[in-house]
Amino acid sequence: MADTIFAPASGAGRAAVTVMRLSGPRSGEILRALCGRVPPPRRASLRRLRDANGEMLDHALVLFLPGPGSYTGEECAELHLHGGRAVREAVADALAALGARPAEAGEFTRRAFLNGRLDLTAAEGIADLVAAESAAQRRQALAQMEGALGRLYAGWTARLTRLLARQEALIDFPDEDLPAELARAMAVEMRALAAEIAAHLDDGRRGERVREGLFVAVSGPPNVGKSSLINRLVERDLAIVSATPGTTRDPIEARVVLGGIAMTLVDTAGLRDGADTVEAEGVRRARAWARKADIVLAVYDATAPDAGLGVETGAVVVQVGNKIDLLSPLAARPALAVSAASGEGLEALRAALVAHGRSLIEAEGPPPLTRVRHRSALSRAVAALVAAQTVEIAELRAEELRAARQAIGLVTGQVGVEGVLDAVFGEFCIGK
Ligand code: GDP
């Protein structure tokens, strides 16, 4: 019999309410021990919770959620406790005394997966939804949680299964004179499927970009106002700032949500070849950031315009002329003219960042993949499908088709998943 597990499902710290969640075959029995009787299924009931000595622990809203229609598919319960630490600990102690054990990270969702309540991509969608900071991340995670990716991949798996069945028929009944038409139709289908998956892979990494946040490198020579600009951008839109410790020559990172898109702004050190080695190291790093960036804000001093970015990048490059407060009224103004000192032009800079961000992540069509895990497995599937089209021997072709199906099955969790589960559910927080 499976363990009955429990964990606070709401955040730690002081709060009005803490939701303590239970799952496992003894949930109902434990509920009865705590509050005298099991409340009617799925009906919120106010109860006094008592430990084995009869001491009252809390006055709480309790829910009994019988399987298989619960989150995990098992018998579940929820205790909506007062959110204080002492209440939480007393109830946790009482639950442990009644034979339940604390859940591990992701264990509730893992059970839901093992009970067929959701596939692995939906489980990942739940983890992403909990972690979402921006509207774009929330939308993408919700779609994935609702099965958008799972359905796409299940469709491909079904088509591969059909191909494999036909291929095996060709192996088993070589003399049956299966029509040449069948082999031709299979070749067409393999080509089509490989092209579809390849097109899905060739999505400009938009799903991964949404999930991880866009990487914006703020680059330019020393003293043009890079860090002042980042401070300006962050001061109003700040979500999370993580300043990497170290000298001013180290990149400083700030996470912001602009126009519903999560972005990490990195102040890259001066791009000039430095005289001393520390600065040279800063320059080397700046070049590495610029290569990694989705967007480069190439900042220059508008009073002393200066040619060239000085780095190679595949990113969208946005030229930003700073310090326009110092510009004489007759001087030509940069296309994107800002002043980190006065705040002028900051709205236009934000708008430009959002517009470029949108162009990188928004697209019509099927939902994008969101993880390297998906990308590598689907790449293997395409390679196997391509190989299946070139091999002459029927058995080897069947082998390649099986490999392709296996690769997609790993993404959804339909096949051989033990090794994948720890990696997927390790990302979760306790109580999910
Ligand atoms: P970084 O080396 O590119 O990060 O440049 P900083 O942000 O450290 O700025 C260098 C100097 O320029 C500082 O003294 C800032 O106060 C000043 N500065 C930055 N932006 C502006 C601006 O828009 N106008 C004026 N007048 N000074 C600025």
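All residue numbers in this chain count up from 1 along the given sequence. First listed ligand is number 1; within each ligand, the first listed atom is number 1.
Listed by chain and number, Pro221, Pro222, Asn223, Val224, Gly225, Lys226, Ser227, Ser228, Asn322, Lys323, Asp325, Leu326, Ser339, Ala340, Ala341 each place a non-hydrogen atom less than 4.0 angstrom from ligand 1.
In the model, Thr161 has a side-chain atom that pairs as donor or acceptor with a side-chain atom of Arg405 under 3.5 Å.
Using a cutoff of 4.0 Å between basic side-chain nitrogens and carboxylate oxygens, Arg110 and Glu107 are not scored as salt-bridged. Between Arg397 and Glu392, no side-chain nitrogen of the basic residue sits less than 4.0 Å from a carboxylate oxygen of the acidic one, so the salt-bridge criterion is not met.
Within 6.0 Å of NE2 in His82 there are 12 or fewer heavy atoms belonging to other residues, nucleotides or ligands. Residue-environment remark: CZ (Arg101) exceeds the threshold of 12 foreign heavy atoms within 6.0 Å.
Taking 4.5 Å as the limit, every side-chain heavy atom of Val296 sits out of range of all side-chain heavy atoms of Val318.
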